Student: 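The structure follows.
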Amino acid sequence: MDFKLLNNTPLYRAFSEIGKRIFLPDGIFYWSGRAKKEAELVGTIGSAFGYERDFIDDGEDKWVPCYLKEIKKYTNLNIEKIVPYASIGGLPELRKIWKDWIIQKAGFNSDEDKNKKIYLKKFITDPLVTAGVTNGIYLICSLFLNRGDKIILPNKRWGNYDNIIVKNIGAQIESFEFFHNKKINLEALRNAIKEIDKTQEKIIIILNFPNNPTGYVPTKQEAQELINLLQQLQLEMKKPFIILVDDAYEPYIYNFQEDILDTSIFYQLQQLEEDIIPIKLDGITKELLFYGGRIGFVTLGLKPNWIQDDNLLSALKNEINNKLEGFNRSSISNANHFYQTVAIKLFQEVGRKRIIESRDKVKILLEKRCKKINEELMKIKSLDISIDPNSGGFFIFLNLNPNKIKATEFADYLLTQHKVGVIPMENPRENINGIRIAYSSINLDQIPEFIERIKKALSNF
Ligand SMILES: Cc1ncc(COP(=O)(O)O)c(C=O)c1O
């Protein structure tokens with residue numbers, strides 16, 4: 001494929017060597033597609049097909065993908081919806097459903113937001129289906145990061161980013177101190193961006209709200225200040241800013257605190273005219289509480305100043321899609337068909353309204369726990385601990401005074417002496433020493449006891 005349009009965008013300039021190199025060759029798909037339309041006898045499909053009657057007792061006179069009859073014991077889904085390969089970029093139906101879902105999640109419902117909604121619809125790509133959000137993060141990091149390139153992340157972050165970026169890809173993390181006075185530390189972020197600007201022709205940042213491990217979600221004002229900062233720096237530097245928006249926990253935003261940003265920051269970034277290019281990484285794993293389903297999505301926000309003409313815009317989307325499918329084809333080949341079908345059924349047969357209603361039951365549980373654990377932790381009067389700002393997700397982070405309490409030793413002490421399990425995070429180089437508590441897995445009535453034991457441990461440690 002020729003990337004005539006993509007080659008002239010700032011997106012392409014930001015690509016890694018792999019990003020520039022990768023594409024999905026026509027090969028098998030070209031010939032299978034043609035055969036479907038033109039051939040009388042088709043010998044192109046690389047999976048076993050046959051008349052059902054020839055391999056299943058009492059099978060029908062139907063030409064179907066061959067399958068083991070025992071499989072039917074475990075599902076009543078149509079065999080043709082689970083057995084064959086799914087398309088490389090994901091089932092078209094699911095990609096469309098998820099695009100509509102992304103548009104719904106923006107909450108652009110008022111008359112005032114009408115144009116924003118039109119703009120959103122027009123300037124995002126069709127979501128690519130990946131094997132969970134992790135796979136999407138890996139794909140996008142590979143698309144932009146060469147060995148040795150730098151990407152900006154807060155010091156408190158999901159540990160698997162380090163595995164993907166540093167250990168797997170061989171790139172580097174420019175870490176910034178996440179909070180100052182219980183707010184996002186925009187000065188530290190500014191410094192990190194300025195540092196990268198000295199050596200790199202692209203600025204790449206991951207934002208993850210609600211955050212793992214802190215549960216932090218910005219207030220609307222903090223989000224606006226963050227956006228202002230990005231706009232100001234992009235204007236000065238005139239380089240593409242690629243913003244990976246890890247929306248794994250997107251719906252779990254608890255509104256017991258005022259002014260919290262209650263939609264993904266992707267939506268505000270997508271509306272910006274500057275080359276601040278947001279990439280949305282989300283999925284059914286946490287959003288639909290279907291972790292083992294391993295279905296994630298990658299969606300890019302595009303800019304009108306790259307291309308105005310509608311036909312060219314759709315050609316550009318095709319070029320981007322070809323690159324992303326090239327990644328899928330050369331890594332996972334395609335995502336799980338069974339769970340894509342389940343997701344389609346959920347949306348088509350259950351519907352968005354009931355999905356949200358069912359999930360809200362869980363969200364309410366989590367919100368109550370979040371409120372409770374904050375209240376209980378606040379009761380501990382100690383100068384050796386502090387809680388990071390939090391109003392969403394699955395976790396809360398308790399900072400410990402590094403001069404007195406080493407997080408790993410404390411976690412071990414908590415476990416052995418008080419039978420309480422938490423995740424310690426200790427990294428003096430990045431100024432981290434604390435424990436992550438996953439209240440997602442603690443029932444409300446156990447929270448007071450859980451925190452009481454932490455309190456006891458703190459006084460005896
Ligand atoms: C911040 C963050 N991003 C992504 C993921 C991975 O999501 P998935 O299970 O869809 O791969 C997690 C899972 O823990 C996470 O905490």
Side-chain angles (χ1 to χ4, degrees), residues 90 94 98 101-102 105 127-143 151-169 173 175 178 184 204-218 243-253 261 264-266 278-299 327-328 331-332 334-336 338-340 342-343 346 359 362-363 366 370 388-397 421-425 432 434-441:
L94 182 60
W98 201 263
W101 181 239
I102 286 179
K105 288 191 285 184
L128 176 95
V129 182
T130 59
V133 182
T134 307
N135 179 228
I137 296 169
Y138 175 64
L139 186 161
I140 289 300
C141 286
S142 309
L143 183 66
I151 177 168
I152 299 171
L153 273 155
N155 60 344
K156 284 165 187 154
R157 56 180 178 262
W158 183 41
N160 208 16
Y161 293 137
D162 294 55
N163 292 330
I164 294 170
I165 293 161
V166 181
K167 297 190 193 72
N168 192 321
I169 297 178
I173 292 174
S175 161
F178 205 173
I184 187 167
I204 307 175
I205 305 173
I206 299 186
L207 297 178
N208 163 229
F209 311 133
N211 169 263
N212 176 3
T214 63
Y216 170 73
V217 182
I243 317 290
L244 278 57
V245 182
D246 180 345
D247 275 337
Y249 300 91
E250 187 176 4
Y252 304 102
I253 295 172
L261 182 71
S264 164
I265 199 159
F266 172 83
I279 301 181
K280 191 170 187 348
L281 301 151
D282 54 13
I284 70 166
T285 40
K286 294 181 212 306
E287 232 177 285
L288 302 189
L289 300 155
F290 209 166
Y291 319 91
R294 309 308 305 140
I295 299 295
F297 300 88
V298 168
T299 312
F327 268 106
N328 261 8
S331 54
I332 60 165
N334 48 79
N336 186 303
F338 180 89
Y339 289 107
Q340 289 191 65
V342 175
L346 270 173
R359 188 185 60 200
V362 179
K363 186 173 161 185
L366 294 174
C370 179
D388 282 326
N390 68 93
S391 32
F394 288 9
F395 312 105
I396 191 165
F397 195 80
V422 295
I423 304 287
M425 293 178 77
I432 299 177
I435 53 173
R436 186 191 79 172
I437 307 172
Y439 57 79
S440 53
S441 61

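In listed order, ligands and their atoms are each counted from 1. Counting from 1, the numbers follow the sequence of the chain as shown. A quick note: this is a predicted structure, and the numbers were derived from the prediction, not measured.
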Student: Measure up the W98 and F297 rings against each other and bin them: parallel (under 30°), tilted (30 to 60°), perpendicular (over 60°).
Tutor: parallel
Student: The criterion is side chain to side chain contact (heavy atoms under 4.5 Å, CB included); which residues satisfy it with F338, sequence neighbours excluded?
Tutor: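 Partners of F338 under the side chain to side chain contact (heavy atoms under 4.5 Å, CB included) test: T75, L77, I82, N336, V342.
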Student: Just to verify, what does K105 make a salt bridge (charged side-chain N to carboxylate O under 4.0 Å, His left out) with, not counting sequence neighbours?
Tutor: E250, D282, E287
Student: Examine the side chains of R294 and N135 and answer whether a donor and an acceptor come within less than 3.5 Å of each other.
Tutor: no
Student: If the condition is side-chain hydrogen bond (donor to acceptor under 3.5 Å, both in side chains), which residues does T299 pass it with, not counting sequence neighbours?
Tutor: none
Student: So which residues, sorted by chain and number, lie with a heavy atom under 4.0 Å of ligand 1?
Tutor: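 These residues qualify: G132, V133, T134, I137, W158, Y161, N208, N212, D246, A248, Y249, T285, K286, R294.
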Student: How are the rings of F209 and F178 set relative to one another: parallel (under 30°), tilted (30 to 60°) or perpendicular (over 60°)?
Tutor: parallel
